[in-house]
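Chain letters run A, B, ... following the sequence lines, proteins first, then strands; residues in each count from 1. Nothing here was measured: the structure is a model prediction, and the numbers come from that model.
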Number of protein chains: 2
Amino acid sequence: MTEDQHPDDPLRLDRQICFPLYAASNLINRLYRPVLSKLGLTYPQYLVMLALWEQAPRTVGALGEALYLDSGTLTPLLKRMEQAGLLTRKRDPEDERRVQVALTSEGRALKAEAQRVPESLTAGFEGDPAEVEKLRDSVQALVATLARHNRDS
Amino acid sequence: MTEDQHPDDPLRLDRQICFPLYAASNLINRLYRPVLSKLGLTYPQYLVMLALWEQAPRTVGALGEALYLDSGTLTPLLKRMEQAGLLTRKRDPEDERRVQVALTSEGRALKAEAQRVPESLTAGFEGDPAEVEKLRDSVQALVATLARHNRDS
DNA sequence: TTCCTTTATATTGTGCACAATATTATTGCT
DNA sequence: AGCAATAATATTGTGCACAATATAAAGGAA
């Protein structure tokens with residue numbers, strides 16, 4: 001019952017560009033999970049912390065732009081992080097539509113504990129760093145293209 | 001309130017390799033959604049169809065190995081696809097632990113309608129095909145490494 | 001001012017994704 | 001045969017991700 005499979009069939013799984021990106025994302029999430037759970041974070045929450053450690057406070061919209069996520073994803077996620085004591089959410093008095101997300105001292109302190117996260121995960125990438133950086137830049141370029149495409153349509 | 005940010009801080013968002021992969025996966029999902037919804041499929045469901053168009057029937061475990069997913073994800077997903085009439089699930093009489101997933105005629109027929117999906121999405125990748133193939137191969141290699149790492153631990 | 005439009009965030013409903021656990025079938029050992 | 005160990009799938013509970021929609025504030029035109 002195995003189907004015929006021509007080598008140039010555009011529907012072959014191993015010819016897809018999107019599938020390995022999807023699989024990589026899932027596998028990375030799985031790899032990060034045990035490491036980040038020690039910090040009490042999920043992977044998307046870790047990304048929010050990275051963004052806030054670079055610049056805070058930031059609005060929900062600014063976070064969404066940095067992480068390519070919308071309010072439907074961020075609002076409940078930020079509420080959980082607020083509950084956990086990592087950040088605060090309050091309406092901007094200048095413009096009551098906006099919500100400013102700021103770090104608590106606990107949230108700022110967590111950065112010290114996260115310092116070793118990247119290096120403790122490079123084990124999964126075993127390859128020379130220059131190669132990894134090239135891959136990163138390629139995917140970053142792809143993301144920029146996809147994001148532009150998304151905004152335009 | 002902007003934080004100091006050293007150029008070699010390992011926690012800088014733009015130095016992460018995992019973040020662009022995560023963002024690319026999300027953006028791709030968003031890009032595929034309107035195209036696949038015309039076929040009545042989600043992106044993971046589309047991947048299951050790609051796998052089954054290559055070879056069917058397959059066990060749940062074999063599908064999970066091909067797509068890097070486990071039964072917790074696949075079981076409900078396959079049930080929805082069974083409800084939609086695309087495939088059948090039945091216990092293997094040879095080994096009652098296994099579930100054989102087979103295509104219905106409707107599921108096989110859907111392949112014809114999916115032929116144009118890949119080309120209708122290359123618009124989002126605007127770059128020369130050789131470059132895209134190189135990126136694909138790099139990410140495939142990464143996925144292989146991550147998957148091995150995952151099995152071993 | 002009144003009202004219309006736009007903007008920012010929140011809510012609702014659906015479908016993944018996964019860890020932990022449960023269930024049932026097979027295998028292997030004695 | 002009896003039974004522990006293993007294997008394959010299913011279930012449960014939590015947390016994303018997103019489209020569609022709702023809510024409320026700001027801006028702008030007449």
Colleague: Take atom CG of A:Asn150 and atom P of D:dC18, then tell me their distance rounded to the nearest Å.
Modeller: 9 Å
Colleague: Between atom CG in A:Leu31 and atom P in C:dC18, what is the gap in whole Å?
Modeller: 12 Å
Colleague: Between A:Tyr43 and C:dA17, is there a contact of a side-chain N or O with OP1 or OP2 at under 4.0 Å?
Modeller: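 No, no such contact exists.
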Colleague: What is the separation between atom CG on A:Leu67 and atom P on D:dC18, rounded to the nearest whole Å?
Modeller: 11 Å
Colleague: So which heavy atom on A:Leu142 is nearest to which on A:Leu21, and how close?
Modeller: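 Here A:Leu142 and A:Leu21 meet closest at CD2-CD1, 3.6 Å.
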Colleague: Which part of the nucleic acid, if any, lies within reach of A:Leu74 when heavy atoms closer than 4.0 Å are counted: base, sugar-phosphate only, or nothing?
Modeller: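 Nothing, no heavy atom under 4.0 Å.
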Colleague: Counting only side-chain heavy atoms from C-beta out, which of D:dA19, D:dC16, D:dT9 sits nearest to A:Gln45?
Modeller: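 Shortest atom-to-atom distance from the side chain points to D:dC16.
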Colleague: Does B:Asp9 come within less than 4.0 Å of A:Lys111, counting only side-chain N to carboxylate O?
Modeller: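 The answer is yes: the pair qualifies as a salt bridge.
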Colleague: Between C:dT11 and A:Lys79, is there an OP1 or OP2 to side-chain N/O distance shorter than 4.0 Å?
Modeller: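 So the side chain of A:Lys79 is within the cut-off, an N or O lying under 4.0 Å from OP1 or OP2 of C:dT11.
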Colleague: To the nearest angstrom, how far is B:Asp70 atom CG from C:dA19 atom P?
Modeller: 7 Å
Colleague: With respect to the side chain of A:Thr75, which nucleotide from C:dA25, C:dT11, D:dA19 is positioned closest?
Modeller: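 Closest of the options to the side chain of A:Thr75: C:dT11.
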Colleague: Reckon A:Gly72 touches a base, only the sugar-phosphate, or nothing at all at heavy-atom distances under 4.0 Å?
Modeller: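 Base contact.
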Colleague: Whole angstrom is fine here: how far is it from CG in A:Asp92 over to P in D:dA24?
Modeller: 19 Å
Colleague: Counting only side-chain heavy atoms from C-beta out, which of C:dA19, C:dT9, D:dA10 sits nearest to B:Val60?
Modeller: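 Nucleotide nearest to B:Val60's side chain: D:dA10.
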Colleague: Could you check whether any side-chain N or O of B:Ser25 sits under 3.5 Å from a backbone N or O of B:Tyr22, counting only pairs where one atom can act as donor and the other as acceptor?
Modeller: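 Side chain of B:Ser25 to backbone of B:Tyr22, a donor-acceptor pair under 3.5 Å: no, none is there.
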Colleague: Please tell me which of B:Arg80 and A:Gln100 maps to the more 5' nucleotide of DNA chain C, matching each residue to the nucleotide holding its nearest heavy atom.
Modeller: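 On the 5' side of the pair lies A:Gln100.
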Colleague: Send over the distance from A:Lys38 NZ to C:dA19 P, rounded to a whole Å.
Modeller: 14 Å
Colleague: Looking at D:dC16, I'd like to know if its phosphate oxygens (OP1 or OP2) sit under 4.0 Å from a side-chain N or O belonging to A:Thr42.
Modeller: yes
Colleague: Among the nucleotides C:dT9, D:dT9, C:dA25, which one has an atom lying closest to any side-chain atom of B:Asp95?
Modeller: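 Closest nucleotide to the B:Asp95 side chain: C:dA25.
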Colleague: Consider the side chain of B:Thr59, meaning its heavy atoms from C-beta on, and name the nucleotide among D:dC16, C:dC18, D:dT9 that approaches it most closely.
Modeller: D:dT9
Colleague: Hey, are B:Arg116 and B:Glu119 close enough for a salt bridge, meaning a charged N less than 4.0 Å from a carboxylate O?
Modeller: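 Salt bridge flag = yes for B:Glu119 with B:Arg116.
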Colleague: Counting just side-chain N and O atoms, does A:Tyr22 come under 4.0 Å of either OP1 or OP2 of C:dC16?
Modeller: no
Colleague: Nearest to the B:Ser71 side chain among D:dT11, D:dC18, C:dC16, which nucleotide is it?
Modeller: D:dT11
Colleague: Of the nucleotides D:dA26, C:dT9, C:dA17, which has the atom closest to the A:Arg98 side chain?
Modeller: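 Among the listed nucleotides, the one closest to the side chain of A:Arg98 is C:dT9.
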Colleague: Would you mind reading off the distance between B:Asn29 atom CG and D:dA17 atom C1', rounded to a whole angstrom?
Modeller: 8 Å
Colleague: Side chain of A:Arg91 only, heavy atoms from C-beta on: which candidate in C:dT9, D:dC16, C:dT24 is closest?
Modeller: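 For A:Arg91, the side-chain atoms sit closest to C:dT9.
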Colleague: Could you tell me whether the side chain of B:Val117 reaches within less than 4.5 Å of the side chain of B:Tyr32, counting heavy atoms only?
Modeller: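 Touching, per the 4.5 Å side-chain cut-off.
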Colleague: Could you tell me how far apart B:Leu77 (CG) and D:dT9 (P) are, to the nearest whole angstrom?
Modeller: 15 Å
Colleague: Taking any heavy-atom pair under 4.0 Å as a contact, classify B:Tyr32: base, sugar-phosphate, or nothing.
Modeller: nothing
Colleague: Taking everything shown except B:Glu65 itself, do over 12 heavy atoms lie less than 6.0 Å from its CD?
Modeller: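 No - once you tally the heavy atoms of other residues, nucleotides and ligands closer than 6.0 Å, there are 12 at most.
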Colleague: Return the nearest nucleotide to the side chain of A:Arg97; candidates are C:dT9, D:dC16, C:dT7.
Modeller: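 Within the option list, the nearest is C:dT7.
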